[in-house]
Colleague: 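This is the structure I want to talk about, given as structure tokens.
Given the structure is predicted, the values throughout are model-derived calculations rather than measurements.
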Amino acid sequence: MSAGAAGVAVRVAFGDLEADYAQKRPAIDAAVARVLSSGWFVLGDEVAGFETEFAAWLDVAHVVACGNGTEAIALALQAAGVRAQDEVLLPANTCVPTLSGVRLAGAKARLCDVDPETLTLDAAAAEAALTPSVRFLLPVHLYGGTADLPGLLALAGRRGLKVIEDCAQSHGASSNGRMTGGFGAAAAFSFYPSKNLGAYGDGGAVATRDPEIAATLRQLRQYGWSRRDYAQREGWNSRLDELQAAILRAKLPALARENARRREIADRYDAAFAALPLAVLRVPDGSVPSRHLYPVRTPRRDALRDHLSARGIETRIHYPVPLHLHPAYAFLGHRRGDFPVSEAACESVVSLPIYATLTDPQVDAVIAAVLEFFGGRP
């Protein structure tokens, strides 16, 4: 256990969904009871209400809820017109679901290295990786930061490409005053329980400003129906259930406040670690991150993790293997050395605890333990 400011042992879990529920219990219990008493459990008033409220929160015209974040990527690509021969450019440094969504949409994936200071997709690397078959850019706003949206949108405009944002980790992050999710043709969100806005099971959504894309999404997510039992197009089953939608509605009003708390913790980490041989992510000019994760990089990652674990502090690695080195994607034809920035990141990154219910003594304990490891004063 780590010692807090008063010398008392402090355990710091990597996440604490129990504390989150305890804080919101009255609203969540009421939402669940409301659904159970209604007798309606799929695509009803709760889903419609959440879609309207989340769209207003993002300042976009349309949100279409779906089964999960991976399917949200696939649905967004399909609704935006992806074809089997099209390539979708995405970063090698991201989680497997991003690539899974591209494959689920029936498209081809083209990988690209990332910016060494943000570990997200930037315009220069993306342009260098383009082929005549690339029709979509899929920037991932990883860790709650933002990809190079100004540069990528300019590139898309010059080259006639469509941008689909992966916002699974960026609920509430913004670039130049606009929230992620409102920049491209469409944007995919995940509501996995650990997200800044998390359900109590799987859930996802696609945001868009385009009414035609929204109408197509509503058909695609439910068998391609234009009306019940009448398939206008080929579709599939990807529906957010009423219970999850009601829970998300109960949690949405706290999201801005909780993101502010995450940024407060990140600011404390940034200040405490500024003089250490520990690389932190650069926040692009004009960007306000949602701080879904707080990754740092050090060649002594394993030793740091062991040190923190011995003091009761949990950490995670996001992500240990770049996409091109997963056996499942060997067919893409890449090998070690093809994306050196992504590979170096995956070998050195470790995520420290950061969530809205993290207490000040717990933050103190994390800082003290990291400083102790590097020989600083706790």
Colleague: So which atom in Phe189 and which in Ala207 form the shortest heavy-atom distance, rounded to 0.1 Å?
Modeller: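 Looks like CE1-CB, 4.0 Å.
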Colleague: Using the side chain to side chain contact (heavy atoms under 4.5 Å, CB included) rule, take Ser342 and Asp113 through it: C-alpha gap first, then chi angles, then the decisive distance, then the call.
Modeller: CA-CA 6 Å; Ser342 297; Asp113 216 348; 2.8 Å; yes
Colleague: If you draw a 6.0 Å radius around CZ in Arg158, do more than 12 non-hydrogen atoms from other residues or ligands fall strictly inside?
Modeller: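 More than 12 within 6.0 Å, yes.
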Colleague: Measuring from Leu220:CG to Glu234:CD, what's the distance to the nearest 0.5 Å?
Modeller: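 One finds 10.0 Å between CG of Leu220 and CD of Glu234.
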Colleague: Looking at every non-hydrogen atom in both residues, tell me the closest pair between Thr357 and Gln362 and how far apart they are.
Modeller: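 Scanning both residues completely, I find the closest heavy atoms to be O-OE1, 4.1 Å.
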Colleague: Which residues pass the ring-ring contact (aromatic ring centres under 6.0 Å, His included) test with Phe14, not counting sequence neighbours?
Modeller: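 Checked Phe14 against ring-ring contact (aromatic ring centres under 6.0 Å, His included); matches are His318.
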Colleague: Considering only NZ, NE, NH1 and NH2 on the basic side and carboxylate oxygens on the acidic side, decide whether Arg11 and Glu314 come within less than 4.0 Å.
Modeller: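 Judged by the 4.0 Å cut-off on N to carboxylate O distance, Arg11 and Glu314 do form a salt bridge.
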Colleague: Working to the nearest 0.5 angstrom, can you tell me the gap between Leu149 CG and Thr180 OG1?
Modeller: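 Atom-to-atom, Leu149:CG and Thr180:OG1 are 8.0 Å apart.
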Colleague: Listed by chain and number, what are the side chain to side chain contact (heavy atoms under 4.5 Å, CB included) partners of Ser238, not counting sequence neighbours?
Modeller: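 Only Cys66, Glu71, Leu75, Trp236 meet the side chain to side chain contact (heavy atoms under 4.5 Å, CB included) criterion with Ser238.
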Colleague: Return the minimal non-hydrogen interatomic distance between Ala365 and Val12, and the atom names on each side.
Modeller: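 In terms of heavy atoms, the two residues are closest at CB-CG2, 4.2 Å.
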Colleague: Other residues, nucleotides and ligands only: do more than 12 of their heavy atoms fall within 6.0 Å of CZ on Arg103?
Modeller: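 Atom CZ in Arg103 is not crowded, with 12 or fewer foreign heavy atoms closer than 6.0 Å.
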Colleague: Tell me, please, which residues at least two apart from Arg300 pass side chain to side chain donor-acceptor pair (under 3.5 Å).
Modeller: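 Residues passing side chain to side chain donor-acceptor pair (under 3.5 Å) with Arg300: none at all.
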Colleague: Might you point out which heavy atoms bring Ala109 and Leu99 nearest each other, and give the distance in Å?
Modeller: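 That closest heavy-atom pairing would be CB-CD1, 3.1 Å.
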Colleague: Considering only residues two or more places apart or on different chains, which pairs with a residue in residues 235-256 satisfy salt bridge (charged side-chain N to carboxylate O under 4.0 Å, His left out)?
Modeller: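 Counting only pairs at least two positions apart or across chains, the salt bridge (charged side-chain N to carboxylate O under 4.0 Å, His left out) contacts touching residues 235-256 are Asp20-Lys251, Glu46-Arg249, Glu53-Arg249.
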Colleague: Show me the pairs that pass salt bridge (charged side-chain N to carboxylate O under 4.0 Å, His left out) and involve residues 170-182, at least two apart or across chains.
Modeller: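 Sorted result for residues 170-182: empty, none.
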Colleague: One pair to check against side chain to side chain contact (heavy atoms under 4.5 Å, CB included): Leu308 and Leu352. What are the steps and the verdict?
Modeller: CA-CA 10 Å; Leu308 295 177; Leu352 303 180; 3.8 Å; yes
Colleague: Which other residues end up in the same hydrophobic cluster as Trp225, if Ile, Leu, Val, Met, Phe, Trp and Tyr are linked when side-chain heavy atoms come under 4.5 Å apart?
Modeller: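 Cluster partners of Trp225: Tyr223.
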Colleague: Output side-chain donor-acceptor pairs under 3.5 Å for residues 83-93, partner residues at least two apart or in another chain, one line each.
Modeller:
residue	atom	partner	partner atom	Å
Arg83	NE	Asp86	OD1	3.3
Arg83	NE	Asp86	OD2	3.3
Arg83	NH2	Asp86	OD1	3.0
Asp86	OD2	Arg83	N	2.7
Asp86	OD2	Arg135	NH1	2.4
Glu87	OE1	Thr131	OG1	2.5
Asn93	ND2	Leu119	O	3.2
Asn93	ND2	Tyr143	OH	3.2

Colleague: Any idea which heavy atoms bring Val63 and Arg218 closest together, and the distance?
Modeller: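 Between these two residues, the closest heavy atoms are O-NH2, 3.4 Å.
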Colleague: Just how far is it from atom OG1 of Thr52 to atom NE2 of His62, taken to the nearest 0.5 Å?
Modeller: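 Going from the OG1 atom of Thr52 to the NE2 atom of His62 covers 11.0 Å.
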Colleague: In Å and rounded to the nearest 0.5 Å, what is the CG to CG distance from Leu137 to Leu153?
Modeller: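 It comes to 8.5 Å.
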Colleague: Considering the options Leu138, Asn68, Val206, Val140, which one meets the side chain to side chain contact (heavy atoms under 4.5 Å, CB included) requirement together with Ile73?
Modeller: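 Single side chain to side chain contact (heavy atoms under 4.5 Å, CB included) partner of Ile73 among Leu138, Asn68, Val206, Val140: Leu138.
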Colleague: When rounded to the nearest 0.5 angstrom, what is the spacing between CG in Leu281 and CZ in Arg297?
Modeller: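 Here the rounded value is 6.0 Å.
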Colleague: Residues in side chain to side chain contact (heavy atoms under 4.5 Å, CB included) with Tyr319, at least two apart?
Modeller: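 Cys95, Leu142, Gln169.
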Colleague: Could you verify whether a donor N or O on one side chain and an acceptor N or O on the other, from Thr98 and Asp166, lie under 3.5 Å apart?
Modeller: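 Yes, a side-chain donor-acceptor pair sits under 3.5 Å.
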Colleague: Name all pairs fulfilling the side-chain hydrogen bond (donor to acceptor under 3.5 Å, both in side chains) condition that reach into residues 266-280, sequence neighbours left out, sorted by first residue then second.
Modeller: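 Sorted result for residues 266-280: Arg268-Asp364, Asp270-Arg291, Asp270-Tyr294.
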Colleague: Quick check: are there more than 12 heavy atoms from other residues, nucleotides or ligands sitting under 6.0 Å from CZ of Phe331?
Modeller: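 More than 12 within 6.0 Å, yes.
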Colleague: Identify the heavy atoms of Phe50 and Leu248 that sit nearest to each other, and give their distance.
Modeller: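 Smallest interatomic distance, heavy atoms only, reads CE1-CB, 3.6 Å.
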Colleague: Can you tell me how far apart OG1 (Thr118) and CG (Asp148) are? Round to the nearest 0.5 Å.
Modeller: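 Rounded to the nearest 0.5 Å, the OG1-CG separation comes to 8.0 Å.
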Colleague: Look at the aromatic rings of Phe54 and Phe191 and report parallel, tilted or perpendicular, splitting at 30° and 60°.
Modeller: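 Taking Phe191 first and then Phe54, their aromatic rings stand perpendicular (interplane angle over 60°).
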Colleague: Might you confirm whether atom CG of Asp45 has over 12 heavy atoms from other residues, nucleotides or ligands at distances under 6.0 Å?
Modeller: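 No, CG of Asp45 has 12 or fewer neighbouring heavy atoms, counting only those of other groups under 6.0 Å.
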Colleague: Answer yes or no: does atom CZ of Arg25 have more than 12 heavy-atom neighbours from other residues, nucleotides or ligands under 6.0 Å?
Modeller: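 No, because the 6.0 Å sphere around CZ of Arg25 holds 12 heavy atoms or fewer from other groups.
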Colleague: Output yes when Arg261 and Glu264 qualify as a salt bridge under the 4.0 Å nitrogen-oxygen rule, no when they do not.
Modeller: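 Salt bridge between Arg261 and Glu264, a charged N being under 4.0 Å from a carboxylate O: yes.
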Colleague: Backbone N or O of Ser290 within a donor-acceptor pair of the Asn196 side chain at under 3.5 Å?
Modeller: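 Checked: pair present.
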Colleague: Using side chain to side chain contact (heavy atoms under 4.5 Å, CB included), reason through Gln219 and Ser226 one step at a time and then give a plain yes or no.
Modeller: CA-CA 6 Å; Gln219 291 183 354; Ser226 57; 3.6 Å; yes
Colleague: For Ser287, enumerate each residue passing the side chain to side chain donor-acceptor pair (under 3.5 Å) test, keeping only those at least two apart in sequence or located in another chain.
Modeller: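 Ser287 satisfies side chain to side chain donor-acceptor pair (under 3.5 Å) with Thr146 once adjacent residues are dropped.
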Colleague: By ring-ring contact (aromatic ring centres under 6.0 Å, His included), which residues pair with Phe183, not counting sequence neighbours?
Modeller: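 With neighbours one apart ignored, the set is empty.
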Colleague: Is there a donor-acceptor contact under 3.5 Å from the side chain of Arg262 to the main chain of His292?
Modeller: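 Present.
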Colleague: Short question: side chain of Ser348, backbone of Ala344 - any donor-acceptor pair under 3.5 Å?
Modeller: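 Between the backbone of Ala344 and the side chain of Ser348 there is a qualifying donor-acceptor contact (under 3.5 Å).
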Colleague: Would you find a donor on one side and an acceptor on the other, under 3.5 Å apart, between the side chain of Trp57 and the backbone of Asp59?
Modeller: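 Checked: no pair found.
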Colleague: Go through the structure and list residues passing ring-ring contact (aromatic ring centres under 6.0 Å, His included) with His334, not counting sequence neighbours.
Modeller: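 Only Phe339 meet the ring-ring contact (aromatic ring centres under 6.0 Å, His included) criterion with His334.
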